[in-house]
Amino acid sequence: MRAVIQRVKRASVTIEGQVVGQIGPGLCVLVGVTHGDGPAQIEKTARKIAQLKLLRAPDGSDDPAARVSAEESGAPVLLVSQFTLYADVRKGRKPSWSHAAGGEVAEPVFDAVVDAVRGYGLHVETGVFGAMMDVELVNDGPFTILVKV
């Protein structure tokens, strides 16, 4: 599993002109699922999303020693399924998607990540699995972390 975690001032997902998920200050997370991802990867990814100290301190400072996690601050999380995180571009000019799990495998795993992050007491918004989405965000920093489990 791969996750791109972005600290954001705000983020939203729109489908055909309709906003389906949006948050204010918090985390926008793109999640990619590969073959063989299961309970261990789900829990580790959810724990990283909830507990990594990525957010500004309560006083608004960005001192690394004072940063807090989403779990500590109660910050919302926008989770978006993104199979393209498993693109393989080592050969040629066309990405290969062979490492990305198909929808029948990836959707239940993604849904389990959503449930696991909610299990930390966090408010979670999502896009719609498999839909063509417009993801809009204002990255705070910019601050972006790549998590591979």
Side-chain angles (χ1 to χ4, degrees), residues 1-88 97 99-149:
M1 189 170 300
R2 292 179 180 166
V4 176
I5 305 174
Q6 299 170 93
R7 183 177 72 188
V8 298
K9 292 183 178 182
R10 66 182 173 278
S12 65
V13 176
T14 304
I15 299 172
E16 296 180 4
Q18 185 76 26
V19 175
V20 298
Q22 65 181 0
I23 62 168
L27 300 175
C28 179
V29 184
L30 308 175
V31 178
V33 177
T34 191
H35 313 283
D37 281 343
Q41 292 79 18
I42 292 164
E43 180 47 41
K44 187 170 184 180
T45 300
R47 186 173 55 252
K48 292 290 186 184
I49 292 167
Q51 295 183 342
L52 281 174
K53 294 180 180 280
L54 306 176
L55 298 167
R56 292 179 182 276
D59 66 3
S61 73
D62 198 23
D63 176 3
R67 288 186 184 135
V68 296
S69 69
E71 183 180 39
E72 292 169 324
S73 67
V77 178
L78 176 63
L79 291 172
V80 181
S81 176
Q82 180 107 25
F83 80 94
T84 61
L85 292 178
Y86 274 99
D88 184 348
W97 310 112
H99 297 290
E104 66 284 348
V105 171
E107 187 171 13
V109 172
F110 176 76
D111 290 344
V113 171
V114 172
D115 290 342
V117 174
R118 286 182 176 145
Y120 285 91
L122 297 174
H123 174 76
V124 177
E125 297 274 327
T126 67
V128 174
F129 188 91
M132 198 56 132
M133 297 176 271
D134 294 332
V135 179
E136 193 170 358
L137 62 93
V138 176
N139 194 315
D140 181 11
F143 200 106
T144 302
I145 301 291
L146 175 61
V147 176
K148 296 179 187 180
V149 286

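As a basis for the values below, the full set of heavy atoms in this structure was taken, side chains included, without hydrogen atoms, waters or symmetry mates.
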* Structure fact -> All heavy atoms of A100 vs all of F83, minimum pair found to be CB-O, 3.7 Å
* **Shortest non-hydrogen contact between A116 and A46, atoms and distance** => CB-CB, 3.4 Å
* Just wondering, do K53 and E72 contact through their side chains at under 4.5 Å, heavy atoms? -> yes
* **Derivation of the side chain to side chain contact (heavy atoms under 4.5 Å, CB included) call for I5 and V147** => CA-CA 8 Å; I5 305 174; V147 176; 3.7 Å; yes
* Asked: R7 and side chain to side chain contact (heavy atoms under 4.5 Å, CB included): which partner among T144, D140, L52, I145?
  -> D140
* What do the steps show when you test V117 against L79 for side chain to side chain contact (heavy atoms under 4.5 Å, CB included), and what is the final call? -> CA-CA 9 Å; V117 174; L79 291 172; 4.2 Å; yes
* Asked: Which residues pass the side chain to side chain contact (heavy atoms under 4.5 Å, CB included) test with A75, sequence neighbours left out?
  -> L55, A70, S73
* Set of residues satisfying salt bridge (Lys or Arg N to Asp or Glu O under 4.0 Å) with respect to R2, sequence neighbours excluded -> none
* If you look at every heavy atom in L54 and F143, which pair is closest and at what distance? -> CD2-CE2, 3.5 Å
* Go through the steps for L30 and Q6 under the test side chain to side chain contact (heavy atoms under 4.5 Å, CB included), then give the verdict. => CA-CA 9 Å; L30 308 175; Q6 299 170 93; 4.3 Å; yes
* Rounded to the nearest 0.5 Å, what's the gap from CG on L78 to SG on C28? Could you check? => 4.5 Å
* Examine W97 together with Y86 and report whether their ring centres are nearer than 6.0 Å. => no
* Asked: What residues, two or more places apart in sequence or in another chain, satisfy salt bridge (Lys or Arg N to Asp or Glu O under 4.0 Å) together with E107?
  -> none
* Give, for atom NZ of K148 and atom CG of L85, the distance between the pair rounded to the nearest 0.5 Å. => 10.5 Å
* Structure fact -> CG (N139) and NZ (K9) are apart, to the nearest 0.5 Å, by 9.5 Å
* To do: Test side chain to side chain contact (heavy atoms under 4.5 Å, CB included) on V77 and I49 and set out the steps.
  => CA-CA 8 Å; V77 178; I49 292 167; 4.0 Å; yes
* Whether over 12 other heavy atoms sit under 6.0 Å from R10 CZ -> no
* Structure fact -> What one should report as the nearest heavy-atom pair of A66 and A57 is O-CB, 3.4 Å
* Structure fact -> Closest heavy-atom pair, F110 versus V80, reported as atoms and distance to 0.1 Å, is CE1-C, 3.8 Å
* How would you list all residue pairs meeting side chain to side chain donor-acceptor pair (under 3.5 Å) that involve residues 114-125, not counting sequence neighbours? -> E43-Y120, H123-E125
* To do: Output yes when a side-chain donor or acceptor of Q18 lies under 3.5 Å from a complementary backbone atom of I15, and no otherwise.
  => no
* Only pairs at least two apart or in different chains count here, so list each side chain to side chain donor-acceptor pair (under 3.5 Å) that has a residue in residues 30-39. => none
* Can you tell if the side chain of D111 reaches within under 4.5 Å of the side chain of V113, non-hydrogen atoms only? -> no
* Asked: Do D63 and S61 meet the criterion of a side-chain donor-acceptor pair at a distance under 3.5 Å?
  -> no
* Any chance the side chains of E71 and S69 put a donor and an acceptor closer than 3.5 Å? -> no
* To do: Identify, with sequence neighbours excluded, every residue that meets salt bridge (Lys or Arg N to Asp or Glu O under 4.0 Å) alongside E136.
  => none
